[in-house]
Amino acid sequence: QVQLVESGGGLVQPGGSLRLSCAASGRTVSSTAMGWFRQAPGKEREFVAAISWGLNRYYADSVKGRFTISRDNAKNTVDLQMNSLKPEDTAVYYCAARGAGATATMTLEGYDHWGQGTQVTVSS
């Protein structure tokens, strides 16, 4: 059974940084396409970033140049480094994993497993 657990969320001032981590069990991240999504109050869940098992990276336009997705095979985690945070980045951030052998995608429906989410609040 695949389990994903996010950590690293919190309150940060505009312009600040946070690093989110997604710990996976039951699945090796080095052979899995993984993604980060977020959902702000009253809004649909949206794509943030994804990384393929081949290390191709994909980003939403709203986070390009500010966020970086990476993978730590030794720890079996996928991280999201978030810099230059803005109030509009405030949301619950979710980690997601695709099925074995699947390629990375930016659509929610393509992901089979989800974490519980971690809150990120950007406010002064």
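Any value given below was found using the heavy atoms of this structure, including those in side chains, with hydrogens, waters and symmetry copies removed.
Not counting sequence neighbours, R57 has no partner by the salt bridge (charged side-chain N to carboxylate O under 4.0 Å, His left out) test.
Between atom CG of residue D112 and atom CZ of residue R27 there is a gap of 7.5 Å, rounded to the nearest 0.5 Å. Note that the CG atom of L18 and the OG1 atom of T118 stand 8.5 Å from one another [nearest 0.5 Å]. With rounding to the nearest 0.5 Å, the separation of CG in N56 from CD1 in I51 is 8.5 Å. A distance of 10.5 Å separates OG of S7 from CZ of R19, quoted to the nearest 0.5 Å. To the nearest 0.5 Å, the span separating OG on S62 from CD on E88 amounts to 9.0 Å.
A donor-acceptor contact shorter than 3.5 Å is absent between the side chain of N83 and the backbone of S17. In this structure, the side chain of R66 engages the main chain of S84 through a donor-acceptor pair within 3.5 Å. Judged by distance alone, the side chain of S52 and the main-chain N or O of G54 form a donor-acceptor pair under 3.5 Å. R98 places no side-chain N or O within 3.5 Å of a backbone atom of G35 that could act as its donor or acceptor partner. N76 places no side-chain N or O within 3.5 Å of a backbone atom of S30 that could act as its donor or acceptor partner.
What you find for G110 and T105 is that their closest heavy atoms are CA-CG2, 4.0 Å. Considering every non-hydrogen atom in both P14 and S123, the closest pair reads CD-C, 3.6 Å. Of all the heavy atoms in G115 and E6, the pair that sits closest is CA-OE2, 3.2 Å. Of all non-hydrogen atoms in Y59 and I69, the two that sit nearest each other are OH-N, 3.0 Å. Across T90 and A40, no two heavy atoms sit closer than the pair O-CB, 3.6 Å. Annotation for K75 and D72: closest pair N-OD1, 3.1 Å, computed over non-hydrogen atoms.
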Evaluate Y58 against F47 for ring-ring contact (aromatic ring centres under 6.0 Å, His included), listing each step before the verdict. CA-CA 10 Å; Y58 308 89; F47 170 76; 7.8 Å; no

Working for side-chain contact (heavy atoms from CB on, under 4.5 Å), residues R38 and L20: CA-CA 12 Å; R38 66 186 181 187; L20 306 183; over 6 Å; no

Test L108 against Y94 for side-chain contact (heavy atoms from CB on, under 4.5 Å), laying out the working first. CA-CA 11 Å; L108 278 72; Y94 297 90; over 6 Å; no

Could you go step by step and tell me if T77 and V29 meet the side-chain contact (heavy atoms from CB on, under 4.5 Å) rule? CA-CA 7 Å; T77 61; V29 298; over 6 Å; no

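M106 is connected to Y111 through a chain of hydrophobic side-chain contacts under 4.5 Å among Ile, Leu, Val, Met, Phe, Trp and Tyr, so both are in one cluster.
Using cut-offs of 30° and 60° for the angle between ring planes, the Y93 and F67 rings count as tilted.
Residue pairs that meet the disulfide (SG to SG under 2.5 Å) test with at least one member in residues 24-69, sequence neighbours left out, do not exist here.
Side chain to side chain, D79 and Q81 fail the donor-acceptor criterion of an N or O pair below 3.5 Å.
Residue Q116 qualifies as open at atom CD: its count of foreign heavy atoms under 6.0 Å is 12 or below.
Salt bridge annotation for K86-D89: absent, with no cationic side-chain nitrogen under 4.0 angstrom from a carboxylate oxygen.
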